[in-house]
Amino acid sequence: MNISGGWGRTVRTFLDDRYAAGPQYRSESGWFEEPTIPGYGPVMGINRPYESGFIGYGIKMPVAERTNLTLDGTFLNNRLNAAISAYNRNDKDQLIGVPVAQETGYSVNYKTGLEVNNKGLELMLNGAVVENKNGFNWNSAINVNYNKNKVTALPDGHQELIIGDNKLEVGKSVGSYWVYSNTGIYNTDADVPVDLTFNGIPVKGGDPIWKDYNNDNRVDNKDKVLTGDRIPSFVGGGTHFCL
């Protein structure tokens, strides 16, 4: 029976040159660190690609810190190997596009500051089901992993960010669904509350009953909730080898 532990930090370089991983070619005609970097008269300034979104200064290097503790052993005259590992991983200073006002000409401002925690258990079993030196042999290996994921920080101290049809919130899983709550279907127009709208469209008989959480008679993004998880809590697999 063996027990081991470890801690490590992994630094990940950016794969996209837009994030200051490599040379940047730029001429600026404006104030230092002015995000719009205006030109003067007919002379235009050259900046990073427009379609990329504005890329702010002070982009940090993303890092991942992981602590793990493993217990493993061999049983039944070396026919069964088993190991269980507990881990805790913190991904820090991850890059994310923070939405900005449309007047800037960009859709997002790339910033570091997203932090995500993953913790869980991993069980691994490897055994000789049938062992015969002069005949049939059967070996199997299985693994099961339990993982819990949550956002621990967002750029600039935000508690939540809405990015398209997704919402990130501190304390919730990265994979949470941001959806409306359905409680049925309106059978007739008479069942629909007066002047009720869904994203600006009048609701009629036959439409779904979406929960109006703030009771303002308008069902919109303010009534969407975080629920479920795209990231499974349990994953596993197995292999079998016969000879």
- Task: Could you tell me whether the side chain of I185 reaches within less than 4.5 Å of the side chain of D207, counting heavy atoms only?
- Result: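 Counting from C-beta outward, D207 and I185 never come under 4.5 Å.
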- Task: State, with a plain yes or no, whether a side-chain heavy atom of L69 is found less than 4.5 Å away from one of S85.
- Result: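 No, their side chains stay 4.5 Å or more apart.
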Closest approach of [X] to [Y] (non-hydrogen atoms, all atoms of both residues):
| X | Y | result |
| --- | --- | --- |
| V174 | L168 | O-CD2, 4.0 Å |
| Y146 | Y87 | O-OH, 3.4 Å |
| F75 | A82 | CE1-CB, 4.1 Å |
| I96 | P155 | CG2-CG, 3.5 Å |
| D189 | G205 | OD1-N, 2.7 Å |
| D229 | S176 | OD1-N, 4.0 Å |

- Message: Using the rule side chain to side chain contact (heavy atoms under 4.5 Å, CB included), only one of L114, I163, L161 pairs with V98; which is it?
- Response: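 That would be L161.
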- Query: Does atom CG of N132 have more than 12 heavy-atom neighbours from other groups under 6.0 Å away?
  - Reply: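 It does: N132 CG has more than 12 such atoms within range.
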- Message: If you count every heavy atom of other residues, nucleotides or ligands that lies below 6.0 Å from N182 atom CG, does the total exceed 12?
- Response: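 Atom CG in N182 is packed in, count exceeds 12.
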- Yes or no on side-chain contact (heavy atoms from CB on, under 4.5 Å) for W178 and N221, after CA distance, side-chain angles and deciding distance? CA-CA 9 Å; W178 189 45; N221 281 356; 3.8 Å; yes
- Are R230 and N166 close enough, and set up right, to give a side chain to side chain donor-acceptor pair (under 3.5 Å), and what steps lead you there? CA-CA 12 Å; R230 300 181 183 90; N166 296 291; 2.8 Å; yes
- Message: Let's go through W210 and L196 carefully: what are the C-alpha distance in whole Å and the side-chain angles of both, what is the deciding distance for side-chain contact (heavy atoms from CB on, under 4.5 Å) to 0.1 Å, and is it a yes or a no?
- Response: CA-CA 10 Å; W210 301 114; L196 178 66; over 6 Å; no
- In this structure, which one of N88, N149, T152 forms a side-chain hydrogen bond (donor to acceptor under 3.5 Å, both in side chains) with N117?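 It is N88, the one option of N88, N149, T152 that forms the side-chain hydrogen bond (donor to acceptor under 3.5 Å, both in side chains) with N117.
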Taking atom [atom1] of [X] and atom [atom2] of [Y], what is their separation to the nearest 0.5 Å?
| X | Y | atom1 | atom2 | answer |
| --- | --- | --- | --- | --- |
| S173 | I231 | OG | CD1 | 4.0 Å |
| Y180 | D220 | OH | CG | 6.5 Å |
| Y177 | D165 | OH | CG | 13.5 Å |
| Q94 | T112 | CD | OG1 | 9.5 Å |
| N137 | C242 | CG | SG | 9.0 Å |
| S140 | H240 | OG | NE2 | 4.5 Å |

- Item | From CA spacing to verdict: side chain to side chain donor-acceptor pair (under 3.5 Å), N118, N147 | CA-CA 7 Å; N118 284 278; N147 184 77; 2.9 Å; yes
- Give the intermediate values and the outcome of side chain to side chain donor-acceptor pair (under 3.5 Å) for residues N81 and T74. CA-CA 5 Å; N81 298 316; T74 302; 3.1 Å; yes
- Decide, yes or no, whether a salt bridge links E65 with K92 under the criterion of side-chain N to carboxylate O below 4.0 Å.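 K92 and E65: salt-bridged.
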- Any pair counted as salt bridge (charged side-chain N to carboxylate O under 4.0 Å, His left out), so long as it reaches residues 144-160, sequence neighbours left out: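 The answer is K111-D156, E160-K167.
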- Query: For the hydrophobic clusters of this structure (ILVMFWY residues joined by side-chain heavy atoms under 4.5 Å, transitively), does one cluster hold both L123 and L71?
  - Reply: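 Yes: a chain of side-chain contacts under 4.5 Å links L123 to L71.
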- Honestly curious: do V192 and I209 fall in one hydrophobic cluster under the side-chain, below-4.5 Å linking rule?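 They do share one cluster, since a chain of ILVMFWY contacts under 4.5 Å joins V192 to I209.
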- Quick one: list whatever passes salt bridge (charged side-chain N to carboxylate O under 4.0 Å, His left out) with R218, sequence neighbours left out.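 R218 satisfies salt bridge (charged side-chain N to carboxylate O under 4.0 Å, His left out) with D216 once adjacent residues are dropped.
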- Query: Taking the side chain from D93 and the backbone from K60, do they hold a donor-acceptor pair closer than 3.5 Å?
  - Reply: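 No; judged by distance alone, with no hydrogens or angles, the pair does not exist.
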- Query: With a 6.0 Å cut-off on ring centres, are F241 and W138 close enough?
  - Reply: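 That pair fails the under 6.0 Å test.
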- Item | Test log, rule side-chain contact (heavy atoms from CB on, under 4.5 Å), inputs L226 and E169 | CA-CA 9 Å; L226 287 172; E169 183 176 323; 3.4 Å; yes
- Could you walk me through whether N217 and D195 pass the side chain to side chain donor-acceptor pair (under 3.5 Å) test, one step at a time? CA-CA 7 Å; N217 228 31; D195 296 329; 5.3 Å; no
- Query: Given V219 and T197, is the side-chain contact (heavy atoms from CB on, under 4.5 Å) satisfied, shown in steps?
  - Reply: CA-CA 6 Å; V219 180; T197 61; over 6 Å; no
